[in-house]
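Below is one structure, written out as structure tokens; comments come after it.
If you're wondering where the values come from, they're calculated on a predicted model, not measured in any experiment. Count residues from 1 along the sequence. Note that ligands are numbered from 1 as they come in the structure, with each ligand's atoms numbered from 1 the same way.
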Amino acid sequence: MKETRNTSQKDIIRKEIMLQSDHLTADQIYVLVKEKMPCISRATVFRNLKKLAEMGEIGFVPTMDGADCFDYRNHNHYHFKCNECHRLFDTDIPYDENLDKVDSEFKILKHETLFYGVCPECFAKHTV
Ligand SMILES: [Zn+2]
Ligand SMILES: [Zn+2]
């Protein structure tokens, strides 16, 4: 019984993330899910997010300022964090599969790269 309940909560959380076109922090997702399931606790949402990310159903982007983000795109791609507006972007930088094949005593499955800098919108503000 408990399993079914967990599954449906997870499904609702996953569906909510899939509806988004942006990267969201766990807290932002919690607010969205709470609108659908007012009784759900923050801890439950966080636990399910972690599980979904571990299962590879959603992407997870750790950031240095602590606002880790979840991503509806679960294919491998690189991210860019703007130092000025602090938004997180998907980049068009091609994912380098060769890096996953490097010789190592560790079995590499994937890698994450986060680029830092200034996004085009913020950059444009400097030149006006
Ligand atoms: Zn920016
Ligand atoms: Zn992304």
Return yes when at least one N/O/S atom of H86 is nearer than 2.8 Å to the Zn ion (ligand 1), and no when none is.
->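 Under 2.8 Å: H86 has no N, O or S contact with the Zn ion (ligand 1).
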
Can you check whether Y116 and F80 have ring centres sitting under 6.0 Å from each other?
->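 Between Y116 and F80, the centre distance exceeds or equals 6.0 Å.
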
Is [X] salt-bridged to [Y], cutoff N-O under 4.0 Å?
X    : Y    : value
E57  : K10  : no
D27  : R42  : yes
R73  : D90  : yes
E112 : K110 : yes
E121 : K125 : no

Looking from the Zn ion (ligand 1), what is the angle between SG on C82 and SG on C119, to the nearest 10°?
->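 The two atoms form an angle at the metal of about 110°.
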
Give a rough value, rounded to 10 degrees, for the angle at the Zn ion (ligand 1) between atoms SG of C85 and SG of C122.
->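 So the angle at the metal works out to 110°.
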
Go through the steps to decide whether K15 and K36 satisfy the test side chain to side chain contact (heavy atoms under 4.5 Å, CB included), and finish with yes or no.
-> CA-CA 11 Å; K15 235 176 266 168; K36 304 265 155 62; over 6 Å; no

Excluding waters, which protein N, O or S atoms are within less than 2.8 Å of the Zn ion (ligand 2)?
->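 Listed by chain and number, the atoms are H23 NE2, D71 OD2, H77 NE2, H79 NE2, D90 OD1.
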
